[in-house]
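Below, read A as the first sequence line, B as the second, and so on, with proteins coming before strands; counting in each chain starts at 1.
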Protein chains: 2
Amino acid sequence: MLHCLRKYAQNGVMTSSPSLPVDGFGKTLLDYPRPSVAVDTALLTVHDGGLKVLLVPHPGAGLGWALPGTFVRPGERLADAVLRSLREKAGVSGRDPQQLHVFDEPGRDERGWVLSVAHVDVVPFGELPAGVKLISVTEFAGARVAQVRELPYDHAQIIDYAVAQVRSQYLSAPDPGGLLTPPFTLKELRELHEAVRGESLQRDTFRRAMEPQLVATGEISDGTKGRPAALFMPY
Amino acid sequence: MLHCLRKYAQNGVMTSSPSLPVDGFGKTLLDYPRPSVAVDTALLTVHDGGLKVLLVPHPGAGLGWALPGTFVRPGERLADAVLRSLREKAGVSGRDPQQLHVFDEPGRDERGWVLSVAHVDVVPFGELPAGVKLISVTEFAGARVAQVRELPYDHAQIIDYAVAQVRSQYLSAPDPGGLLTPPFTLKELRELHEAVRGESLQRDTFRRAMEPQLVATGEISDGTKGRPAALFMPY
DNA sequence: TTAATAGTGTCTGTGAGACATTATGGT
DNA sequence: ACCATAATGTCTCACAGACACTATTAA
């Protein structure tokens with residue numbers, strides 16, 4: 001049995017202390033069973049006037065789609081595991097993964113005891129590889145995803161959390177996810193926010209809320225039609 | 001090595017499926033190293049006009065204090081682990097643990113690879129056992145706790161998260177944590193909110209915000225001094 | 001000149017904040 | 001009668017929302 005423990009220690013569980021330090025009860029950490037810990041990420045983008053979420057082929061079942069995810073490796077930050085899973089499974093460079101919630105329901109994964117730390121990240125459509133699977137989240141009440149039936153695990157719930165989180169961030173700040181490449185016009189910014197929030201916004205009210213948080217570049221958009229607009233960048 | 005894996009399976013890791021199911025890469029879950037997962041809880045209460053957090057003796061070092069916490073057991077929900085740790089380490093029946101954040105910094109625990117899922121819960125002072133260690137969080141800027149030096153791990157940061165979370169909940173709803181036993185007067189409710197939020201509140205503004213969310217019992221407090229107040233209970 | 005869009009002025013309703021006034025109990 | 005506290009009326013200010021008007025470009 002001790003040999004077994006040492007096997008695991010060599011496997012990367014014990015990183016800093018080779019002497020098997022004990023807790024307050026004189027037990028080694030390895031005397032306690034440990035869960036598998038995964039990260040799953042709802043990667044959101046805006047395309048075609050709507051908020052979309054990226055799916056990847058579900059590795060377990062041959063058919064079906066799932067959120068990109070991976071098991072966390074020893075010594076790895078959760079956010080780094082997220083970035084790695086996005087890179088390897090979706091070919092995307094994520095930017096700033098944010099934790100949403102730990103899903104811990106027993107039996108949520110039939111393979112065993114698996115906790116999933118749900119994350120959300122946001123990336124411009126242009127940075128996605130061609131042909132990725134995107135499904136819309138805006139055309140369903142309560143952000144529930146019905147277009148793909150039976151997402152595995154808690155993935156539908158993760159998408160709900162993610163959409164709520166991103167929408168609340170886009171309430172008062174100009175493009176906090178950095179979906180727009182500056183400089184941009186206020187119209188472009190407003191249409192982005194309308195896509196994220198799934199509702200139309202008042203033109204002048206939106207301007208008054210956002211302009212104090214922007215800085216004008218002094219340049220002007222090409223007025224192909226109508227009066228050209230001033231260009232801004234984030235403050 | 002296979003023997004070693006089966007040992008772990010018997011130890012509770014594999015709950016539902018005895019046939020060692022595999023993932024998309026043909027590997028067993030147990031082929032991946034797994035972290036220890038703990039829960040740590042900032043249990044907040046209001047006493048003596050201020051917001052306090054409960055500490056317990058730090059089991060590792062003989063002296064020093066820490067937030068109550070425990071390792072999560074197989075098949076156990078995180079919230080149940082929180083309730084168990086509060087019961088066993090603090091003698092308190094928690095009510096509704098809420099997740100705050102997963103702390104995952106490598107090296108945060110010198111015993112090895114340990115993730116901590118931080119939680120917050122709220123309990124009335126009267127339900128605490130006599131003589132528990134409480135420290136104030138109100139008298140420090142930014143809710144940082146300086147009264148007890150060098151809390152272990154990320155516990156000071158957990159308290160910051162917890163205080164911010166509870167304060168935001170007490171912004172617009174009457175006693176969402178259930179610290180008051182109904183019926184209560186608006187003055188009692190306001191003084192509770194003042195204690196939680198660490199600032200004084202306008203009497204009439206507070207009434208206008210809270211009264212629509214309360215229902216009057218029709219009863220009247222005993223006016224030991226001045227006009228008696230109406231009694232309310234949550235809607 | 002007209003169409004189209006950008007940018008700004010202004011009116012109104014709502015609600016927070018602050019203060020003043022009235023109501024109701026005990027002493 | 002007086003005091004202490006509860007409850008409510010009201011004034012002001014700030015701001016979101018809505019609408020209208022002016023400005024600037026291309027065709």
Side-chain angles (χ1 to χ4, degrees), chain A residues 46 48-49 167-176 179-235, chain B residues 46 48-49 167-176 179-235:
Chain A
V46 167
D48 210 17
R167 282 188 171 157
S168 77
Q169 287 181 343
Y170 273 76
L171 279 177
S172 53
D175 190 20
L179 291 174
L180 241 43
T181 48
F184 45 77
T185 67
L186 273 167
K187 180 175 192 177
E188 293 167 334
L189 183 66
R190 180 168 50 87
E191 286 174 343
L192 170 68
H193 279 245
E194 286 176 340
V196 169
R197 290 173 53 183
E199 60 186 356
S200 62
L201 300 172
Q202 201 76 11
R203 188 167 59 105
D204 39 11
T205 302
F206 181 78
R207 164 183 288 269
R208 269 191 280 269
M210 293 302 167
E211 196 165 349
Q213 307 177 59
L214 297 171
V215 47
T217 63
E219 296 170 33
I220 293 294
S221 74
D222 63 330
T224 57
K225 271 202 306 188
R227 174 175 170 178
L231 292 175
F232 296 88
M233 47 186 294
Y235 186 72
Chain B
V46 167
D48 210 17
R167 281 188 172 159
S168 77
Q169 288 180 343
Y170 272 76
L171 279 176
S172 53
D175 190 21
L179 292 174
L180 240 44
T181 47
F184 45 78
T185 68
L186 273 167
K187 181 176 191 176
E188 292 167 333
L189 183 66
R190 180 168 49 87
E191 286 174 344
L192 170 68
H193 279 244
E194 287 176 340
V196 169
R197 292 173 51 182
E199 59 186 356
S200 63
L201 300 172
Q202 201 76 12
R203 188 165 58 102
D204 39 11
T205 301
F206 181 78
R207 163 183 288 268
R208 268 192 282 269
M210 294 301 166
E211 197 165 349
Q213 308 177 58
L214 297 171
V215 46
T217 64
E219 296 169 33
I220 293 294
S221 74
D222 62 330
T224 57
K225 270 202 308 188
R227 173 175 170 179
L231 293 175
F232 295 88
M233 48 186 296
Y235 186 70

When rounded to whole Å, the CG to P distance for the pair A/Leu201 and D/dG17 reads 9 Å
Identify, with sequence neighbours excluded, every residue that meets salt bridge (charged side-chain N to carboxylate O under 4.0 Å, His left out) alongside A/Glu191.
-> none
Rounded to the nearest 0.5 Å, what separation is found between the CG atom of B/Leu214 and the CG atom of B/Leu231?
-> 11.5 Å
For B/Arg190, the side-chain contact (heavy atoms from CB on, under 4.5 Å) test, sequence neighbours excluded, returns B/Lys187, B/Glu194, B/Leu201, B/Arg203, B/Phe206
At their closest point, which heavy atom of B/Leu171 faces which heavy atom of B/Met210, and how far apart are they?
-> O-CE, 4.2 Å
Separation between CG of B/Asp175 and CE of B/Met233, rounded to the nearest 0.5 Å = 12.5 Å
Most 5' of A/Thr205 and B/Phe232 on DNA chain D, judged by nearest nucleotide | B/Phe232
Short side-chain N/O contact to C/dA6 OP1/OP2 from A/Arg207, under 4.0 Å = no
Looking only at C/dA6, C/dG7, C/dA20, the nucleotide nearest the B/Arg203 side chain is C/dA20
Grab the N/O contacts between the protein and nucleotides 9-15 of chain D below 3.5 Å, and write none if there aren't any.
none

Show the numbers, then the answer: is there a side chain to side chain contact (heavy atoms under 4.5 Å, CB included) between B/Leu192 and B/Glu188?
-> CA-CA 6 Å; B/Leu192 170 68; B/Glu188 292 167 333; over 6 Å; no
Just how far, in rounded Å, is P of C/dG9 from CD of A/Glu211?
-> 11 Å
A/Phe184: ring pair (Phe, Tyr, Trp, His ring centres under 6.0 Å) partners, not counting sequence neighbours = none
Please report, rounded to the nearest Å, how far the P atom of C/dG7 is from the NZ atom of A/Lys187.
-> 11 Å
A/Leu231 atom CG is separated from D/dT25 atom P, nearest whole Å, by 13 Å
Please write out each protein N/O paired with an N/O of nucleotides 1-3 of chain C under 3.5 Å, distance rounded to 0.1 Å.
none

Set of residues satisfying side chain to side chain donor-acceptor pair (under 3.5 Å) with respect to A/Gln202, sequence neighbours excluded | none
Let me know the distance between NZ of A/Lys225 and P of D/dT25, rounded to the nearest Å.
-> 18 Å
Picking from D/dA18, D/dA7, C/dG25, the nucleotide nearest the side-chain atoms of A/Gln202 would be D/dA18
Examine the base of C/dA4 for any acceptor or donor lying under 3.5 Å from a partner atom in the side chain of A/Arg227, and report the outcome as yes or no.
-> no
Take the protein atom CZ of B/Arg190 and the nucleotide atom P of D/dA7, then report the distance between them rounded to whole Å.
-> 11 Å
Starting from P on C/dA6, measure out to CE on A/Met210 and report it in whole angstrom.
-> 17 Å
Qualifying residues under side chain to side chain donor-acceptor pair (under 3.5 Å), relative to A/Gln213, sequence neighbours excluded = none
Rounded to whole Å, the CZ-P distance (B/Phe184 to D/dA6) equals 15 Å
